[in-house]
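Below, chain A is the first sequence line, B the second, and so on; all start at residue 1.
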Amino acid sequence: MPTSYADSAAAGGNVAASGGSRSSYVPPHLRNRPSSTVPQVSASYGASVSGDERFGRGAPSGDGVYFGGPRNDYNQPAYGGGGGRGGWNNRSGGWDRGREREVNPFSDDAEPVFDEQENTVINFDAYEDIPVETSGDNVPPPVNTFAEIDLGEALNLNIRRCKYVKPTPVQRYTIPISLSGRDLMACAQTGSGKTAAFCFPIISGIMRGQGVQRPPRMPRMAFPLALILSPTRELSCQIHEEARKFAYQTGVRVVVAYGGAPVNQQLRELERGVDILVATPGRLVDLLERARVSLQMIRYLALDEADRMLDMGFEPQIRKIVQQMDMPPPGIRQTMLFSATFPKEIQRLASDFLSCYIFLAVGRVGSSTDLIVQRVEFVQETDKRSHLMDLLHAQIANGVQGKQALTLVFVETKKGADSLEYWLCMNGFPATAIHGDRTQQEREQALRSFKSGHTPILVATDVAARGLDIPHVAHVVNFDLPNDIDDYVHRIGRTGRAGKTGLATAFFNENNASMAKALSELMQESNQEVPAWLSRFSSRQSYGGKNRRGGSRFGSRDFRRESFDRGADFYGAGNAGGDYGGYGAADSGYSGGAYSAGVTSAWD
DNA sequence: AAAAAAG
């Protein structure tokens with residue numbers, strides 16, 4: 001091997017080490033703060049937060065357990081006080097009235113095991129070239145600051161608590177669109193502030209109480225006003241955690257429902273009232289069939305990882321929920337679809353759920369992978385384990401392990417995950433596994449153990465491929481390559497976060513021939529060195545199954561445009577293609593913001 | 001063929 005793996009792994013520890021003028025990735029909640037005021041995570045704090053609490057289960061329901069606790073360092077006037085609720089929160093029946101106190105969702109942010117040393121130098125010059133495409137009729141112009149939008153006092157306070165100072169590009173564009181009531185199909189990567197992009201307008205809209213209409217009085221039936229669906233339980237948990245922060249003390253109540261967890265607890269939460277329901281499809285269908293949830297009051301529908309939600313496995317359930325229960329039709333409800341990738345056949349499907357929607361793409365070619373060093377190694381099936389062991393040993397030798405860097409190993413099957421986990425443990429590597437055959441408790445425990453660094457190796461199936469925000473993943477190993485290039489992109493996007501370059505290693509052999517072409521194209525687009533043998537594989541490959549959409553890596557273009565701009569390269573060199581009709585002026589004036597262009601990790 | 005999502 002020309003360059004040793006270990007070199008890359010070592011370089012992966014630090015952006016500066018990889019040279020170049022790339023700015024460090026700044027997590028959304030730390031953006032735009034002078035670095036001296038970036039809060040350091042205190043090691044003592046957080047130890048008392050039970051793991052369960054982080055996942056929204058077994059949360060202490062006591063009165064303000066965390067109020068006045070070690071982490072109440074916001075220095076916000078009116079924080080926790082009675083102020084700030086006037087005018088905006090006139091909805092009757094704020095759920096947190098009276099004796100019951102809303103648990104402070106900002107108290108469980110810390111990850112005490114790690115040193116949060118991500119020093120946050122933002123390269124403001126670098127991100128101005130983030131291309132943005134919008135299409136559709138009468139697209140509302142983007143905003144540059146949160147102040148330009150009247151989201152409401154309580155929500156603004158939470159935005160400050162989250163340390164958001166300026167909206168990210170995707171938020172700039174999507175918030176005015178959704179506040180104006182339009183349906184939306186948005187291509188934007190997780191970590192780019194996508195969750196906030198759909199949560200803010202939903203929370204704000206609910207606070208305003210637009211379309212005030214009391215739900216029918218039905219005992220034990222919940223009438224959420226907004227529904228957020230995601231493809232995995234852990235992702236739903238994550239969205240719930242984030243939405244709780246945004247909704248804190250707004251009077252807007254967020255509840256999560258997903259399978260594998262005791263349904264009774266979720267039912268109790270629902271009975272206490274729900275404005276925003278975050279759910280996975282299976283459990284929601286269950287709740288609908290038990291008549292414990294009605295969708296007739298739904299005003300907002302958001303699908304996260306929408307392309308996954310509408311693919312073969314999920315589509316029937318989604319259709320049932322959206323079209324065959326009591327949800328108001330498109331045009332009455334507002335629908336927002338988000339994903340990093342949006343193949344046009346899925347776009348076509350998705351348009352069934354939308355009404356006169358706006359298409360938005362934020363990102364640029366290769367942005368998903370610029371900071372990730374991608375390596376592909378030819379490894380026969382029988383050699384994979386020993387090869388993995390070599391990589392892990394090299395990692396330890398280079399101190400990466402000592403620095404609590406995490407390694408995420410993707411395999412194809414659940415059985416394969418179990419046996420690899422077992423084998424790693426037998427060989428002295430602290431590993432755990434997450435996949436769909438494990439109990440939900442085991443899954444959440446595995447994720448916690450991995451995140452905390454207690455078990456710095458996680459063997460995973462695709463259940464962990466999308467959406468999950470796991471800081472400190474330094475290395476993603478595609479022990480088995482996926483069969484879909486989009487899955488590859490999602491998987492490697494778990495690394496490279498928090499200002500570090502990531503490393504992604506793939507084991508390739510004859511069984512992956514169908515991936516050769518897409519893989520080498522993707523690597524080329526992200527300026528990776530493509531091994532000669534892989535190029536030979538890809539030229540040998542006749543016509544790959546699923547391939548690059550119109551030659552553009554990131555995202556997609558609006559499929560409704562296909563007829564008239566065939567051949568034009570979206571985001572192509574020279575850009576001519578970057579502005580589509582009617583929006584050029586606004587786009588070229590686009591500047592400022594909390595993003596550095598090289599925010600690979602954040603943009604998966 | 002596999003994974004995810006209800007129990």
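- Distances shown here put every side-chain N or O of A:K415 at or beyond 4.0 Å from the OP1 or OP2 atom of B:dA2.
- Atom OH of A:Y258 is separated from atom C1' of B:dA4 by 16 Å (rounded to the nearest Å).
- Nucleic acid contact class of A:G313 (heavy atoms, under 4.0 Å, all strands): base.
- Dashed line: the shortest gap from a side-chain N or O of A:T280 to OP1 or OP2 of B:dA4 is not under 4.0 Å.
- Stacking of A:K384 on the aromatic ring of A:F479 is recorded, both the 6.0 Å distance cut-off and the 45° axial limit being met.
- As rounded to whole Å, 16 Å separates atom C1' of B:dA3 from atom CG of A:L481.
- Residue A:D418 contributes atom CG, which lies 15 Å from atom P of B:dA2 at whole-angstrom precision.
- Separation of the A:F429 and A:W423 ring centroids does not fall under the 6.0 Å cut-off.
- Residue contacts shown for A:R290 are absent, as no nucleic acid heavy atom lies under 4.0 Å away.
- Across all strands shown, A:R308 has no heavy atoms under 4.0 Å from either base or sugar-phosphate atoms.
- Within the structure, every side-chain polar atom (N or O) of A:R491 is placed at least 4.0 Å from both OP1 and OP2 of B:dA3.
- Rounded to an integer number of Å, the gap from CG of A:L288 to P of B:dA5 is 18 Å.
- At whole-Å resolution of the value, OH in A:Y488 and P in B:dA3 are 21 Å apart.
- A:E412 comes within 4.0 angstrom of the backbone, heavy atoms only, and of no base.
- The closest side-chain heavy-atom distance from A:Y488 to A:L481 is below 4.5 Å.
- Rounded to whole Å, the distance from CZ on A:F314 to P on B:dA4 is 10 Å.
- In this model, a donor atom of one side chain and an acceptor atom of the other lie less than 3.5 Å apart for A:S526 and A:Q374.
- B:dA1 atom C1' lies 15 Å from atom CG of A:D311, rounded to whole Å.
- Aromatic ring centroids of A:F359 and A:F559 lie 6.0 Å or more apart.
- Between A:F410 atom CZ and B:dA4 atom P the separation is 11 Å, expressed in whole Å.
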